[in-house]
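Below: the structure, in structure tokens.
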Amino acid sequence: TALPIAPMSLVMFRFAIEHISRISRVLQQDNGHVLLVGIGGSGRQSATKLATFMADFELFQIEITKNYTSVEWRDDIKKMMVKAGCEGKRTVFLFSDNQIKEESFVEDINMILNTGDVPNLFPPDEKAEIIEKMQALARQEGKKIEATPLAMYNYFIERVKARLHIALAMSPIGDALRNRLRMFPSLINCCTIDWFQAWPDDALELVANKFLEDVE
């Protein structure tokens, strides 16, 4: 779901600013996706949220519940693609490894990174609706595209690829990341990798001072 803007309690230090700058640079590129590797709490999600806000893009995240299955996942992926492809909204999909309830989630992300599409994602009626919207958009923008369903769907995917950015927050602990990178090569081939190392001492000191400044 697209999230409402909430205030973030952040302390700015060089380490964080460098990561925000890297993510911002990737988000400004066509087809720019980023793989953020670091342990939980290292600032991967906060840096992405701030970079998204700075670029004036929409942040999209899924909400994992006990009953969240591949059906809800596919619905969320469709919503996200329609937002980028039909509505033309620049969107950042922030997804972390603790949201992977089924490995098929990673398989779908691998496909989107590679081709901008997931095979058989849209049933015929929803696909027809997208094609209709694309025909109207193509006319509006004066695009010289064949009016065939295939050409129109390809135009939709082109728009998705130009407007959707994926930010994956993964932990290097254990074998899960290594195995996923081996199985789904687009996670490496189509992403810029940003390593979140341990925070430097000056950063820890700044954060501690900020949160203790009101303590008497």
Worksheet entry | Pair Asn98, Ser96: side-chain N/O donor-acceptor within cut-off below 3.5 Å | yes
Item to complete: Specify the closest pair of heavy atoms between Arg180 and Leu187, including all atoms of both residues, with the distance to one decimal.
Response: O-CD1, 4.2 Å
Worksheet item: So which heavy atom on Gln28 is nearest to which on Ala55, and how close?
Response: NE2-CB, 3.5 Å
Practice prompt. Determine whether more than 12 heavy atoms belonging to other residues, nucleotides or ligands lie under 6.0 Å from atom CG of Asp125.
Written response: yes
Worksheet item: Taking the side chain from Glu58 and the backbone from Lys89, do they hold a donor-acceptor pair closer than 3.5 Å?
Response: no
Worksheet entry | Smallest separation among heavy atoms of Phe156 and Gly85, with atom names | CE1-CA, 3.6 Å
Worksheet entry | Interatomic spacing from OG1 in Thr115 to CD1 in Ile157 - rounded to 0.5 Å | 7.0 Å
Worksheet item: Under the 3.5 angstrom rule, does the side chain of Arg44 hit a backbone N or O of Met170 as a donor-acceptor pair?
Response: yes
Discussion item. Is there a side-chain contact between His19 and Asp194 in this structure, where contact means two heavy atoms from C-beta onward sitting under 4.5 Å apart?
Written reply: yes
Worksheet item: Any donor and acceptor pair, going by atom type alone, linking the side chain of Asn114 with main-chain N or O of Asn110 inside 3.5 Å?
Response: no
Worksheet entry | Side chains of Leu35 and Leu181 in contact at under 4.5 Å (non-hydrogen atoms) | yes
Worksheet item: Are the side chains of Glu107 and Glu103 in touch, meaning some heavy atoms are under 4.5 Å apart?
Response: no
Discussion item. On a heavy-atom basis, which atom in Pro119 and which in Arg74 lie closest, and how many Å separate them?
Written reply: O-NH1, 4.2 Å
Item to complete: Any chance you could lay out the side-chain contact (heavy atoms from CB on, under 4.5 Å) test for Met54 and Ile20, step after step, and finish with the verdict?
Response: CA-CA 10 Å; Met54 283 162 56; Ile20 292 161; 3.8 Å; yes
Response to the item:
Rounded to the nearest 0.5 angstrom, the CH2-CD1 distance for Trp73 and Ile64 is 8.0 Å
Worksheet item: Considering only heavy atoms from C-beta outward, does the side chain of Ile77 approach that of Phe105 to under 4.5 Å?
Response: no
Worksheet item: Within a radius of less than 6.0 Å around CD of Glu126, do more than 12 heavy atoms belonging to other residues, nucleotides or ligands occur?
Response: yes
Item to complete: Check for a donor-acceptor pair, side chain of Lys143 on one end and backbone N or O of Gln135 on the other, with a separation under 3.5 Å.
Response: no
Worksheet, complete the sentence: Closest heavy-atom pair, Leu113 versus Ser186, reported as atoms and distance to 0.1 Å, is CD1-O, 3.8 Å
Worksheet item: Where the side chain of Lys161 meets the backbone of Asp30, is there a donor-acceptor pair that is under 3.5 Å apart?
Response: no
Worksheet item: In Å and rounded to the nearest 0.5 Å, what is the CG to CZ distance from Leu164 to Phe57?
Response: 11.0 Å
Practice prompt. Start with the C-alpha gap between Arg25 and Thr192, add the side-chain angles, then the distance that decides, and say whether side-chain contact (heavy atoms from CB on, under 4.5 Å) holds.
Written response: CA-CA 10 Å; Arg25 193 165 61 236; Thr192 301; over 6 Å; no
Worksheet item: Going by heavy atoms in the side chains, are Asp97 and Leu177 under 4.5 Å from each other?
Response: no
Worksheet item: With side chains defined as the heavy atoms from C-beta onward, is the minimum distance between Leu36 and Phe196 less than 4.5 Å?
Response: yes
Worksheet item: Is there a donor-acceptor contact under 3.5 Å from the side chain of Lys101 to the main chain of Tyr68?
Response: yes
Worksheet entry | Worked verdict on Met183 versus Val106 for side-chain contact (heavy atoms from CB on, under 4.5 Å) | CA-CA 10 Å; Met183 284 171 67; Val106 193; over 6 Å; no
Discussion item. Between Thr69 and Glu72, do the side chains contain a donor N or O and an acceptor N or O under 3.5 Å apart?
Written reply: yes
Worksheet item: Would Lys49 and Gln61 satisfy side-chain contact (heavy atoms from CB on, under 4.5 Å), going step by step from the backbone distance to the final call?
Response: CA-CA 11 Å; Lys49 286 173 184 175; Gln61 283 183 286; 3.8 Å; yes
Item to complete: Evaluate the side-chain proximity of Pro123 to Lys78: yes if any heavy-atom separation is below 4.5 Å, no if none is.
Response: yes
Worksheet, complete the sentence: d(Glu63 CD, Asp76 CG) to nearest 0.5 Å is 9.0 Å
Worksheet entry | Parallel, tilted or perpendicular: ring planes of Phe122 versus Tyr153, cut at 30 and 60 degrees | perpendicular
Worksheet item: For the side chain of His33 and the backbone of Cys190, is there at least one donor-acceptor N/O pair under 3.5 Å apart?
Response: no
Discussion item. Would you compute the distance between atom CD of Gln99 and atom CG of Leu168 and round it to the nearest 0.5 angstrom?
Written reply: 10.5 Å
Worksheet entry | Minimal non-hydrogen separation, Ala138 against Ile145, with atom names | CB-CD1, 4.4 Å
Fill in: Pairwise side-chain contact, Met80 with Val160, heavy-atom cut-off 4.5 Å (strictly under)
no
Worksheet item: Rounded to the nearest 0.5 Å, how far does CZ of Phe93 lie from CG of Leu59?
Response: 10.0 Å
